[in-house]
Undergrad: 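Before anything else, here's the structure in question.
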Amino acid sequence: MDRGGSRKKRHKSVANVDIISNLPDVIKDKILCCLPIKEAVRTCLLSRKWRYTWASMTELTFREDDFDVGIEEGESNNFIYFIIMVLSLHNGPILKFELNARRVHLLSPGGHIHRWMLMLSRNGVKDIQIRTKIWRNYKIPSSFFSCEELEYACLQGCIFQLPPLFTGFKRIHTLHFIDFCAAENNIGELVASCPNLEKLILSRLLSFADISIHSTKLKILRVDGMFKHLSLVTPHVSSAAISLQVNTGYVPRAGCNFNLSQFIGSLLDIENISLLGHAFECAAHGILPGKLPRLLNRLTEITLEIDLGNLKEANAAHCLFQVAPNLQRIELQLIYRGYGTPTSDFWDSIDHQAGLFNNLETVVLNNFAGSSAESGFLKLLLEDAPVLRIAQIKDNNKLDKESLKRLLKMRRASKDAEVILL
């Protein structure tokens, strides 16, 4: 009987312990940071010890998807007022701030974002992510450049201009700008002042300036947009994707200049490279046979948007293949630009003894139309790739039955090569 009574007392004692209220502050913070911020604020109702815990959260994420935000003025205002309330009552460091307001039409970038950024710069922020409406461009507040602890930044819908006294982000490793405008060579100057920057993503950039990016630290590089001039020297990049867009309403085609030869020539550690849009067309200094200074022995994947019937682009692609002896995968987005010097059976003239595709295992040809240049390239590839396993061809229903039969009958150097028509 005594033992049973003792057991009951122990159970009663455990039941009376308020585990939730007595959690360490660090654990409470981790729990709150995993919740939608509205739910995190509501935890003030749990107990007296949780009443003000939300006010010291180290990560603040405001997503309009977590709110009933539509196109009505009141709904947008409620979302903004909630952010203002949380920030005004916050106490302590803010290590991460994320704002997703791509539908809120009353967001005042010149006011709200400037005030919020000033507060963040004074609270040791390390991670800033602000995504706003594309058409509501705002000038990045000067206080953003005072965030000395910043390690990661993603800004959308902004106008980029460095303040005159900017000394750099010493700790930042990732920069991502989306739908933005850049003046002068601010991007290049920013990269040069970030000694530990490893990842740079410029999405849908619009610039009328000469952009020159030189960095020995970058490992991942993504550039997509319209600009007047782009110069890249990034020797230790392992993954690069360059997509040059041309819109005569903004940047004239003749004024769009990308020094492709310089960029390729600077690479040492590249493993995969993607050149899309008008990367070949707008290269003022074309890649010439034998002019690339070294082999790219680590390069295993190449993705190109290319007109195989254009002599300049065909030459550039051939040179790339020549300096990539360990190439394993090629993906081509085939297009017809309708201008430029035709190849005149360029691909049929390539020396098969050169072993151009000795290690190639996979090739993907998108938008294959069956032109003489495209067929010549495919023929060269099949006859020159001894370990090829898959040749995937997407013709978008452009080929007739006779053309398809000719493709399937092409001689193959690899007995395991499978031609897949989609």
Side-chain angles (χ1 to χ4, degrees), residues 203-204 222-226 240-248 253 256 258 260 272-283 286-287 299-321 324 327-350 356-357 360-385 388-410 412 417-422:
S203 303
R204 298 187 291 277
R222 304 280 186 271
V223 180
D224 165 25
M226 297 182 288
I242 313 298
S243 180
L244 311 189
Q245 307 303 321
V246 171
N247 186 327
T248 54
R253 175 178 285 115
C256 192
F258 172 43
L260 182 59
N272 63 78
I273 187 168
S274 176
L275 299 171
L276 304 173
H278 297 263
F280 284 156
E281 178 197 7
C282 296
I287 298 179
L299 182 57
T300 59
E301 295 186 21
I302 292 178
T303 301
L304 304 175
E305 184 171 336
I306 183 173
D307 182 352
L308 287 173
N310 180 290
L311 184 58
K312 178 182 177 182
E313 298 183 34
N315 258 317
H318 182 222
C319 291
L320 270 181
F321 300 149
L327 190 60
Q328 297 175 13
R329 188 179 190 277
I330 295 175
E331 180 169 352
L332 302 184
Q333 181 64 39
L334 302 173
I335 58 172
Y336 174 65
R337 301 193 197 277
Y339 48 83
T341 307
T343 58
S344 301
D345 301 323
F346 173 86
W347 297 107
D348 293 327
S349 66
I350 300 298
L356 198 60
F357 303 116
L360 189 66
E361 297 178 357
T362 304
V363 62
V364 178
L365 302 180
N366 297 310
N367 200 33
F368 190 89
S371 68
S372 59
E374 294 173 358
S375 297
F377 175 78
L378 180 60
K379 180 175 179 292
L380 168 68
L381 188 144
L382 290 175
E383 294 179 354
D384 200 45
L388 186 69
R389 299 180 61 189
I390 296 175
Q392 182 174 296
I393 301 173
K394 300 179 181 179
D395 72 330
N396 297 333
N397 297 319
K398 293 180 179 179
L399 299 179
D400 54 37
K401 290 183 178 180
E402 292 302 317
S403 298
L404 293 174
K405 288 179 181 179
R406 285 195 296 271
L407 290 182
L408 294 174
K409 289 180 179 179
M410 284 183 175
R412 307 170 195 180
E418 180 182 5
V419 177
I420 302 174
L421 299 175
L422 299 176

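Source: prediction; values computed, not measured.
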Undergrad: Going by the rule side chain to side chain donor-acceptor pair (under 3.5 Å), which residues pair with Ser403 if we only count those two or more places apart in sequence or in a different chain?
TA: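 Once residues adjacent in sequence are excluded, the partners of Ser403 under the side chain to side chain donor-acceptor pair (under 3.5 Å) criterion are Asp400, Arg406.
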Undergrad: For Ser243, give me all partners under side chain to side chain donor-acceptor pair (under 3.5 Å), at least two apart in sequence or on another chain.
TA: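 Here the qualifying residues are Gln245.
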Undergrad: Test of understanding: with side chain to side chain contact (heavy atoms under 4.5 Å, CB included), list the residues that count as partners of Asn397, not counting sequence neighbours.
TA: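 Once residues adjacent in sequence are excluded, Asn397 has no partner under the side chain to side chain contact (heavy atoms under 4.5 Å, CB included) criterion.
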Undergrad: I'd like to know if the side chain of Asn272 reaches the main chain of Glu301, judged simply by a donor and an acceptor atom lying under 3.5 Å from each other, with no hydrogens or angles considered.
TA: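 Checking the backbone N and O of Glu301 against the side chain of Asn272, no donor-acceptor pair under 3.5 Å is found.
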Undergrad: Donor-acceptor pair, Ser375 side chain versus Ser372 backbone, under 3.5 Å?
TA: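 Side chain of Ser375 to backbone of Ser372: no pair is present.
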Undergrad: Mark yes or no for whether Trp347, through its side chain, and Leu308, through its backbone, hold a donor-acceptor pair below 3.5 Å.
TA: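 Present.
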Undergrad: According to ring-ring contact (aromatic ring centres under 6.0 Å, His included), who are the partners of Phe357, at least two apart in sequence or on a separate chain?
TA: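 Expected list: Phe321.
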Undergrad: Test your reading of the model: is there a side-chain donor-acceptor pair from Glu361 to the backbone of Arg389, 3.5 Å cut-off?
TA: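 Answer holds: no.
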Undergrad: Are Ile330 and Thr362 close enough that some pair of their side-chain heavy atoms sits under 4.5 Å apart?
TA: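 No. Closest side-chain heavy atoms not under 4.5 Å.
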Undergrad: Go through the structure and list residues passing side chain to side chain contact (heavy atoms under 4.5 Å, CB included) with Glu331, not counting sequence neighbours.
TA: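 For Glu331, the residues satisfying side chain to side chain contact (heavy atoms under 4.5 Å, CB included) (neighbours in sequence not counted) are Thr303, Arg329, Val364, Asn366.
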Undergrad: Could you pull out the closest heavy-atom pair between Asp384 and Leu356, with the gap in Å?
TA: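 Heavy atoms only, the tightest pair is OD2-N, 2.9 Å.
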Undergrad: Going through the distances and angles, do His278 and Phe258 end up as a ring-ring contact (aromatic ring centres under 6.0 Å, His included)?
TA: CA-CA 9 Å; His278 297 263; Phe258 172 43; over 10 Å; no
Undergrad: Would you name the heavy atoms of Glu418 and Arg412 that are closest together and state the gap between them?
TA: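 Nearest pair, atom of Glu418 first, then Arg412: CA-NH1, 4.3 Å.
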Undergrad: Would you list the pairs meeting salt bridge (charged side-chain N to carboxylate O under 4.0 Å, His left out) in which at least one residue belongs to residues 368-378, sequence neighbours left out?
TA: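 For residues 368-378: none.
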Undergrad: Taking only residues two or more places apart in sequence, or in another chain, which ones meet Asp348 in a side chain to side chain contact (heavy atoms under 4.5 Å, CB included)?
TA: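 Applying side chain to side chain contact (heavy atoms under 4.5 Å, CB included) to Asp348 gives Asp345.
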Undergrad: Going by the rule side chain to side chain contact (heavy atoms under 4.5 Å, CB included), which residues pair with Leu422 if we only count those two or more places apart in sequence or in a different chain?
TA: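 Leu422: side chain to side chain contact (heavy atoms under 4.5 Å, CB included) contacts with Gln392, Lys394, Ile420.
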Undergrad: Between Asp395 and Ala369 (side chain of the first, backbone of the second, donor and acceptor by atom type, cut-off under 3.5 Å), is there such a pair?
TA: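 No, the answer is negative, given that no donor and acceptor are paired below the 3.5 Å cut-off.
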Undergrad: Give me the atom names and distance for the closest heavy-atom approach of Glu313 to Glu305.
TA: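 Smallest interatomic distance, heavy atoms only, reads OE1-O, 4.4 Å.
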Undergrad: Using the test side chain to side chain donor-acceptor pair (under 3.5 Å), find all partners of Arg222 that sit at least two apart in sequence or belong to another chain.
TA: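 With neighbours one apart ignored, the set is Ser239.
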